[in-house]
Number of protein chains: 2
Amino acid sequence: MARKHITPGKIRLAEVAKLAGVSPITASRFFRNPDALSAGKRARVESAAKELGYVPNLAARALASQRTEVIGVLIPSLTNNVFADVLRGIYDALDGSRYSIQLANTRYSILQEERLLRLFLAQKPAGLIITGINQTADSRRVMEAVDCPIVQIMEVGPSPIDMMIGFSHFDAAKAAIAHLLAQGYRRIGFLGARMDPRVQRRLDGYRAAMTEAALFDPQLIVTTAIPTSVTLGGTLFADLLAKAPDIDAVFCVNDDLALGALFECKRRHMAVPEQMAIVGFNDLEFMASSEPTLSSVRTNRYEMGRNAAMMVIETLEGRRPAEPVVDLGFSVMERQSSARRS
Amino acid sequence: MARKHITPGKIRLAEVAKLAGVSPITASRFFRNPDALSAGKRARVESAAKELGYVPNLAARALASQRTEVIGVLIPSLTNNVFADVLRGIYDALDGSRYSIQLANTRYSILQEERLLRLFLAQKPAGLIITGINQTADSRRVMEAVDCPIVQIMEVGPSPIDMMIGFSHFDAAKAAIAHLLAQGYRRIGFLGARMDPRVQRRLDGYRAAMTEAALFDPQLIVTTAIPTSVTLGGTLFADLLAKAPDIDAVFCVNDDLALGALFECKRRHMAVPEQMAIVGFNDLEFMASSEPTLSSVRTNRYEMGRNAAMMVIETLEGRRPAEPVVDLGFSVMERQSSARRS
DNA sequence: CAATCGCTTGGTAGCGCTGTCAATATCGGT
DNA sequence: ACCGATATTGACAGCGCTACCAAGCGATTG
């Protein structure tokens with residue numbers, strides 16, 4: 001005998017089948033597709049499984065069926081509130097389903113992403129959720145070759161690998177600037193941190209809006225590769241004021257920067273919005289309850305995660321979503337910090 | 001033949017072994033314990049694996065070895081910044097190791113936690129990280145029966161299930177109040193939300209400090225079961241002021257509440273700290289850059305996650321940590337919002 | 001020089017489940 | 001009563017890997 005005898009207390013599918021008086025394969029079917037059983041056997045297997053406290057061995061299942069029930073999720077950051085909301089949506093959608101999540105953090109590196117992707121795909125995931133549309137050419141190739149539903153999240157763009165859900169960062173930033181212009185602001189600064197591809201597209205939206213209004217001026221732009229923080233928002237805003245002391249508004253690529261800018265204004269006794277309008281991005285919870293309340297661009301992060309997971313599940317269950325690319329849009333939340341100029 | 005023939009392109013351990021000119025079992029050992037091979041074979045297997053792009057099949061490994069290389073992590077919330085930091089620590093510690101993480105969200109329910117725990121343990125995880133010390137009696141029983149390293153995180157207390165890493169929420173809150181008392185504040189309010197066990201212990205710490213100073217007054221306490229938010233901080237603070245208009249300071253069980261209280265002070269044109277001192281808890285990044293800067297109790301969340309994961313790994317590798325219970329402490333960050341009363 | 005030891009290596013037999021296909025039961029229609 | 005179609009069930013083999021045991025081998029020892 002090659003190994004020690006079977007653990008006596010261990011409950012395997014065979015035990016359940018024997019107690020139910022059916023063959024193991026029938027018991028197996030009960031757990032995967034109960035409708036295929038006759039009502040009588042279904043009830044017998046069910047009660048046998050409950051009586052024995054049977055729990056399927058997922059490793060054995062994965063090995064025999066050559067697939068897993070794991071959905072891989074690749075996100076660039078665990079700290080960022082934005083992804084926390086997306087993740088919550090994903091977990092909520094998968095809660096109670098047979099699928100579980102394998103999470104990995106790319107740290108905003110597409111090379112890391114490629115490495116993690118290969119790692120994931122080698123384990124034959126049931127599906128994949130990946131952030132953004134800027135993968136390496138190799139990553140794309142690998143994903144196109146693989147046979148599982150893939151959803152790109154956080155933004156929409158041309159040529160999805162498979163499915164896609166998000167919104168246009170370009171349009172969202174442009175709309176934020178349009179709002180400021182409509183309120184009468186003219187010298188609108190731009191604050192950007194971490195400059196990942198999506199932030200870059202927000203900058204493009206800003207540039208487009210300002211150029212259309214014939215107000216574009218590179219002096220109005222301050223960016224850095226440093227990860228975002230409230231403190232950084234204050235620092236960058238100070239830099240911006242040094243470069244362009246005559247600005248009357250500032251668009252921040254996220255709400256942390258906006259909050260930092262607000263505090264910096266307070267420190268300088270600049271009235272918001274009278275002397276300085278502020279608009280953020282994402283509309284985190286605190287934006288609506290600061291003093292003054294801060295304008296922002298609301299993005300539907302929870303829904304993005306939730307729908308992405310649901311799109312994967314539906315595809316796996318053969319009900320492929322009618323529309324593979326979903327634009328969740330955004331809305332400009334106009335609050336005190338960008339009220340009309342007096 | 002029971003199933004279609006082996007996929008031609010598939011690379012299995014056997015292929016690697018053949019190319020390397022060794023037996024499959026020797027190749028297997030290379031991936032699990034390279035030191036057990038002679039230098040020559042080790043190099044041959046290594047280059048064969050690389051040449052073929054071999055990736056082990058984890059399902060087969062788990063089935064054959066009767067264990068997985070998955071560490072289960074049970075946390076109460078995905079949204080809370082505090083857990084985001086802990087998670088980051090865990091992921092960082094496990095990055096590059098053979099272990100992966102299975103995350104589940106208990107939503108602050110110990111019954112959910114028990115359910116998830118059973119689900120996890122049925123899959124024989126390599127280890128387990130679980131939040132807090134308030135598990136159900138059944139959960140405890142189940143965990144004590146299982147043979148894998150378990151780390152309770154976020155707080156320390158008596159009778160660990162296995163290992164434990166955190167700090168005393170009681171002492172931390174007490175220290176925050178001691179600081180306010182030392183600064184001359186006397187009517188110190190308490191703002192609490194979500195009132196989970198750890199927040200409850202912060203309340204106990206507050207009560208102890210106030211009672212010792214003969215300043216305890218139940219009118220000073222405002223709590224709610226509602227999940228925390230900045231907006232809620234403002235609301236609760238307003239409630240507190242209605243109950244006890246003569247307060248001169250407020251201790252908030254987390255930084256979001258503290259920020260909300262600060263904004264509410266601004267709305268009411270109450271000077272901070274002259275008319276109202278504020279102290280938060282956790283010391284999130286923004287506390288140091290608000291205007292005024294906000295005092296808080298710094299907790300070592302990232303380190304907690306990181307060390308917890310490392311404790312699990314070390315135990316798995318036979319180097320059991322000398323000290324199974326680690327108190328990471330805290331520090332009261334004294335900032336403008338609780339400067340000495342003038 | 002035989003006995004012993006430690007280190008490496010390999011053979012064998014599953015781990016617990018499911019894909020494939022065949023066999024049987026059931027059923028309505030003619 | 002017969003036929004084909006459909007619904008249910010089961011037998012078999014094997015998914016890719018590792019636990020267990022045994023054997024080979026050179027070095028060490030009395």
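Chain A is the first sequence line, chain B the second, and so forth, proteins listed ahead of strands; every chain is numbered from 1.
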Need one value for [X]: base, sugar-phosphate or nothing, where a base atom within 4.0 Å counts as base even if backbone is also close, heavy atoms only.
X: A:Y54; value: sugar-phosphate
X: B:R67; value: sugar-phosphate
X: B:A36; value: sugar-phosphate

Whole-Å gap separating [atom2] ([N]) and [atom1] ([X]):
X: B:K18; N: D:dG16; atom1: NZ; atom2: P; result: 14 Å
X: B:I25; N: D:dC17; atom1: CD1; atom2: P; result: 11 Å
X: B:Q123; N: C:dC15; atom1: CD; atom2: C1'; result: 14 Å
X: A:L13; N: C:dC15; atom1: CG; atom2: C1'; result: 14 Å
X: B:R42; N: C:dT8; atom1: CZ; atom2: C1'; result: 12 Å
X: A:N33; N: C:dT18; atom1: CG; atom2: P; result: 12 Å
X: B:L37; N: C:dT9; atom1: CG; atom2: P; result: 6 Å
X: A:D35; N: D:dA7; atom1: CG; atom2: C1'; result: 13 Å

> Can a donor-acceptor pair be found between the side chains of B:E114 and B:T136 at a distance below 3.5 Å?
Replying inline: yes

> Using 4.0 Å as the upper bound for N to carboxylate O, is an ion pair formed by A:R107 and A:E113?
Replying inline: no

Below the 4.0 Å mark, does [N] have OP1 or OP2 next to a side-chain nitrogen or oxygen of [X]?
X: B:K41; N: C:dG10; result: yes
X: A:S38; N: D:dA7; result: no
X: B:R32; N: D:dC17; result: no
X: A:S28; N: C:dT18; result: yes
X: B:Q66; N: C:dG14; result: no

>> Using heavy-atom distances to pick each residue's nearest nucleotide on DNA chain C, tell me which of B:T26 and A:L58 is more 5'.
In response: B:T26

Looking only at side-chain atoms of [X], point me to the closest of [options].
X: B:S65; options: C:dG16, D:dG10, D:dA19; answer: D:dA19
X: A:S23; options: C:dT9, D:dG10, C:dC17; answer: D:dG10
X: B:L63; options: D:dT8, C:dC15, D:dC15; answer: C:dC15
X: A:A64; options: D:dT18, D:dC15, D:dG10; answer: D:dC15

> Passes side chain to side chain donor-acceptor pair (under 3.5 Å), B:Q135 versus B:Q152? Steps please.
Replying inline: CA-CA 10 Å; B:Q135 283 81 32; B:Q152 291 167 287; 3.1 Å; yes

> Shortest non-hydrogen contact from A:A27 to A:V22?
Replying inline: N-CG2, 4.1 Å

>> Is it the case that the base of C:dG19 and the side chain of A:R29 share a donor-acceptor contact (distance under 3.5 Å, atom types as modelled)?
In response: no

>> For B:Y108 and B:F83, take the angle between the two ring planes, folded into 0 to 90°, and tell me which bin it lands in: parallel under 30, tilted 30 to 60, perpendicular over 60.
In response: perpendicular

>> Could you check whether atom CZ of A:R67 has more than 12 heavy atoms from other residues, nucleotides or ligands sitting under 6.0 Å from it?
In response: no

